[in-house]
> 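One structure is given below, represented as structure tokens, and several questions about it will come after.
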Amino acid sequence: MSNSRKKKNDTEAVVAEAMRGKTLKAIEVAQATAPLRKMSNKNLHDIESDSLPYHEPVSSEPKIETKGEAIQIKKPGLFGNSSTTINIQSAQNIQIGNNNTMIINSSSTRRRTRDISPPPKPAKVNKEIVKQVLESKRLLDDMELNMVAAKFMGKQWRRTLRLVGLEDIEIESKYQDYYSQGIKEISYQCLKYWKQKNPDTATVGHIAKALSEVFHPDEVCDKFKP
């Protein structure tokens, strides 16, 4: 047999031996992993309890502890192996958890109540004076018109002017002319216009009755002389 044929046969023998060795290794690996493949095909509930390590069940809810004036929150880690601790000090009105538990230091809680007492009543005016003012036929002067604009024309100034006797179009006209100077000036110009239009009926009694529809009669009559 020639040398070249001999070398070829030796090479083929080495390759065949290597293939057999690789096949045997594959068989060993398959045999070793067979139990794991069987377990992967099972439902989790079918796995024997002793096939997995046992761990004591741990609640995922955080534990809240108080130490003196401090609040300590402990959040368990996976399988209880670790935890996250949060320390809170010098804090008030804390909300913790999904249920919005309110933890309040009772010693620092202060009750705040709104003052719901009624506004002070106007000073009592003699009933006879009230009657005299409401029935007065004295004509108004410009100083009294200015006083009415300053004292009685607030949020309801349009309504008050309507009660006095002005029309909406008249009020709007004066508003357009004097809006840059504010409600007091608009009201004064409206009252002045009303007096010029009604020289005989622009009396103290007339405007006092109108104002008494919005304000207390004692408060109104206290500002006029009969």
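Because only heavy atoms are used, hydrogens play no part in the values below, and waters and symmetry mates are left out as well, while side chains stay in. Numbers for residues simply follow the sequence, beginning at 1.
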> For residues 174-194, which residue pairs qualify under salt bridge (Lys or Arg N to Asp or Glu O under 4.0 Å), counting only residues two or more places apart or in two chains?
none
> Yes or no on side chain to side chain contact (heavy atoms under 4.5 Å, CB included) for Ile171 and Trp194, after CA distance, side-chain angles and deciding distance?
CA-CA 10 Å; Ile171 298 172; Trp194 165 75; over 6 Å; no
> Once you round to the nearest 0.5 Å, how far does CG of Leu211 lie from NZ of Lys151?
13.5 Å
> Restricting to side-chain contact (heavy atoms from CB on, under 4.5 Å), what partner residues turn up for Asp142, sequence neighbours left out?
Leu145, Tyr188, Lys195
> Hey, is the main chain of Ile169 close enough, under 3.5 Å, to the side chain of Ser173 for a donor-acceptor pair?
no
> With rounding to the nearest 0.5 angstrom, report the NZ to OG1 distance, Lys155 to Thr160.
13.5 Å
> Between atom CE of Met147 and atom CE of Met153, what is the distance when rounded to the nearest 0.5 Å?
10.0 Å
> Please give me the minimum heavy-atom distance between Leu191 and Ala149, naming the atom from each residue.
CD1-N, 4.2 Å
> What pairs meet the side chain to side chain donor-acceptor pair (under 3.5 Å) rule with one or both residues in residues 197-211, with sequence neighbours excluded?
Glu170-Lys197
> Please name all residues satisfying side-chain hydrogen bond (donor to acceptor under 3.5 Å, both in side chains) with Gln156, sequence neighbours left out, ordered by chain then number.
Arg159
> If you look only at pairs with a residue in residues 157-182, which of them pass as a ring pair (Phe, Tyr, Trp, His ring centres under 6.0 Å), with sequence neighbours excluded?
none
> Between Phe152 and Phe215, what is the ring plane arrangement, given parallel below 30°, perpendicular above 60°, and tilted in between?
perpendicular
> Hey, could you give me each pair passing side chain to side chain donor-acceptor pair (under 3.5 Å) that has a residue in residues 125-139? Not counting sequence neighbours.
Arg138-Glu144
> Is there a side chain to side chain contact (heavy atoms under 4.5 Å, CB included) between Ile186 and Gln181 once you walk through the steps?
CA-CA 7 Å; Ile186 296 169; Gln181 299 182 45; over 6 Å; no
> So which heavy atom on Ser212 is nearest to which on Leu134, and how close?
OG-CD2, 4.0 Å
> Taking atom CD of Glu172 and atom SG of Cys190, what is their separation to the nearest 0.5 Å?
9.5 Å
